[in-house]
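Before any comments, here is the structure.
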There are 2 protein chains.
Amino acid sequence: MAQTRAPRADAVRNRKKILTAAGEQITEHGPEVGMDEIAAAAGVAVGTLYRHFPTKTDLVAAVVAAYVARVADDAETALGRVEAGARALDELAAFLGRVVEASVTDRAVKAAAQTLGAEPGDRADEDRASAAVAAIIRAGQADGDIHDDVTVSDIYLLFSTAPTDQPPAARTRWLALVMPGLTTRAREAGN
Amino acid sequence: MAQTRAPRADAVRNRKKILTAAGEQITEHGPEVGMDEIAAAAGVAVGTLYRHFPTKTDLVAAVVAAYVARVADDAETALGRVEAGARALDELAAFLGRVVEASVTDRAVKAAAQTLGAEPGDRADEDRASAAVAAIIRAGQADGDIHDDVTVSDIYLLFSTAPTDQPPAARTRWLALVMPGLTTRAREAGN
DNA sequence: CTTTAACGTGAACCAGGGTTCATGATGGAT
DNA sequence: ATCCATCATGAACCCTGGTTCACGTTAAAG
């Protein structure tokens, strides 16, 4: 196959700036930010956006992919702690808490992706995340902390609905309300 | 004040048709349905939409208001049953189940409302619903079935995020996962 | 240093969809 | 039966926002 020349240094730099700016802008002003605004935030012209991403959908998809990769890393790290002896239920709760927090930075992006019909270009990261979460769940079930019928799709189901447009206190509360559905014991009164 | 003449019969008829069609269309094809399509579904011209609702936002707001009114009625009926001796927790669960079901017919509308910044024209219905739900919760707490710190805003928090884009089985599962957060006892294994 | 392919620029283009308005139809009061 | 205010119609308008493209720039190979 033909040797394609290595990409120019400034192109790489711009691509990063665009991805970052797109994430921030979409998070801040919702999915309906104009390409113009994203370009401005990245300190770049509109045309440059289109050089790197043929379509707005593709740009959003790329942003989502980056987010999914981060989540996958997080999940695998959490799994590592479990394997090192940490309590699975605690790790799961902490992980989910982080997801909810991060999803504030994310919900809008996801919504945009859905609206635009963007497909995750990289299924691999999704699988990584699923595998890690599944392992944590199994560990928790072995401990007798997590309900036996809980699956990864339950997690997805629950957290695809995290209230990202709510203030932090509400998000915390939400997590506290949702967790008992996963565990074998009812929640404590004060929690 | 000046006596405004009573509205014409066909105007009333059309207003109803529009409201119905708008609800259906938005539910079916998402919030981004064109005014043209709504008009077509209602068997009416676009201009007629604008005679009754000065703006798309207003139309959506009206649809939302109608939905809220229905929910309020439902909540009050449920409260009635509780006062007649029904178990509060059961009524709450059933009510929430209905809300989730109905929200399939609604989520899109709500999203549209949010997107367009539509304000609920009628706060009264919202208050009716809140009051009824609050009363049911109190009854359930008196029974010892519902956790003491549960409030109406918890219900909102949880159900403003119901997974409406999921298949029925998933919605049922979701409800089962969420309910334990409200009750004093962990869920049964088989449920 | 020269050359060139990759890259950046931004004004202009275009489609989709909300909104308007001049015109014609109609319900209801006299 | 007549009249008119209310209502319905839908083609045209306009604005927003994604997308393109002809031209100027620049990083890197030789």
Side-chain angles (χ1 to χ4, degrees), chain A residues 1-22 25-26 28-63 108-109 111-118, chain B residues 1-22 25-26 28-63 108-109 111-118:
Chain A
M1 60 167 153
Q3 271 291 357
T4 61
R5 176 184 294 193
R8 262 164 53 172
D10 59 343
V12 177
R13 223 178 308 133
N14 278 334
R15 176 172 245 274
K16 249 173 216 158
K17 284 200 295 184
I18 292 172
L19 232 32
T20 306
Q25 288 302 113
I26 293 179
E28 210 161 316
H29 309 296
E32 61 280 357
V33 274
M35 292 296 260
D36 302 7
E37 303 179 59
I38 295 177
V44 155
V46 215
T48 306
L49 260 57
Y50 283 92
R51 176 167 293 278
H52 289 276
F53 305 95
T55 227
K56 184 177 184 179
T57 301
D58 292 309
L59 174 54
V60 173
V63 174
V109 177
Q114 201 164 348
T115 301
L116 300 172
Chain B
M1 56 167 163
Q3 270 292 2
T4 61
R5 176 183 295 192
R8 259 166 54 172
D10 58 344
V12 177
R13 223 176 310 134
N14 277 335
R15 175 171 247 276
K16 249 171 215 158
K17 285 199 295 183
I18 292 172
L19 234 32
T20 306
Q25 288 302 112
I26 293 179
E28 209 161 317
H29 310 298
E32 61 279 359
V33 273
M35 292 295 260
D36 301 7
E37 304 178 59
I38 295 176
V44 157
V46 215
T48 306
L49 260 57
Y50 283 92
R51 174 169 293 276
H52 289 277
F53 306 96
T55 228
K56 184 177 184 177
T57 301
D58 292 308
L59 174 55
V60 173
V63 173
V109 177
Q114 201 165 349
T115 301
L116 300 172

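Predicted, not measured: the structure shown is a model, and the values here were computed from it. In the text below, chain A, chain B and the rest are named by the order of the sequence lines, each starting its count at 1.
Residue-level contact check: A/Gly34 touches the backbone only, with heavy atoms under 4.0 Å from sugar-phosphate atoms and none from bases. No contact: A/Val12 has no heavy atom under 4.0 Å from any strand. Here A/Asn14 lies in heavy-atom contact (under 4.0 Å) with sugar-phosphate atoms only.
Considering all non-hydrogen atoms of both residues, B/Val63 and B/Ala22 come closest at CG2-CB, 3.8 Å.
When distances run from any side-chain atom of A/Arg8 to the nucleotides D/dG18, D/dA28, D/dC7, the shortest one goes to D/dA28. For B/Pro7, the side-chain atoms get nearest to D/dC7 when compared with the rest of D/dA27, D/dC7, D/dT19. For B/Val46, whose side chain is taken as the heavy atoms from C-beta onward, the closest listed nucleotide among D/dT20, D/dG10, D/dA8 is D/dG10.
Bounding nucleotides for the chain A contact on DNA chain C, 5' to 3', at a heavy-atom distance below 4.0 Å, are C/dA6 to C/dG10.
In this structure, A/Asp58 atom CG and D/dT19 atom C1' are separated by 13 Å, rounded to whole Å. One atom, CG of B/Asp10, and another, P of D/dT6, lie 13 Å apart when rounded to the nearest Å. Counting to the nearest Å, the P atom of D/dG17 and the NE2 atom of A/His29 are 13 Å from each other. To the nearest angstrom, P of D/dG17 lies 12 Å from CD1 of A/Ile38. Look at NZ on A/Lys56: it is 12 Å from C1' on D/dT16, rounded to the nearest Å. Following rounding to the nearest Å, A/Glu37 (CD) and D/dG18 (C1') show an atom-to-atom distance of 13 Å. For B/Tyr50 and D/dC13, the OH to C1' distance is 13 Å, given to the nearest whole Å.
Distance check, rounded to the nearest 0.5 Å: CG of B/Asp10 to CZ of B/Arg15 gives 13.5 Å.
A side-chain contact (heavy atoms from CB on, under 4.5 Å) with A/Leu49 holds for exactly one of A/Ile18, A/Thr55, A/Asp36; it is A/Ile18. Just one of B/Asn14, B/Asp58, B/Val44 meets the side-chain contact (heavy atoms from CB on, under 4.5 Å) condition when paired with B/His52; it is B/Asn14.
The shortest side-chain heavy-atom distance between A/Leu59 and A/Met35 falls under the 4.5 Å cut-off.
Positionally, the nearest nucleotide of DNA chain D for B/Gly43 lies more toward the 5' end than for the other of A/Arg51 and B/Gly43.
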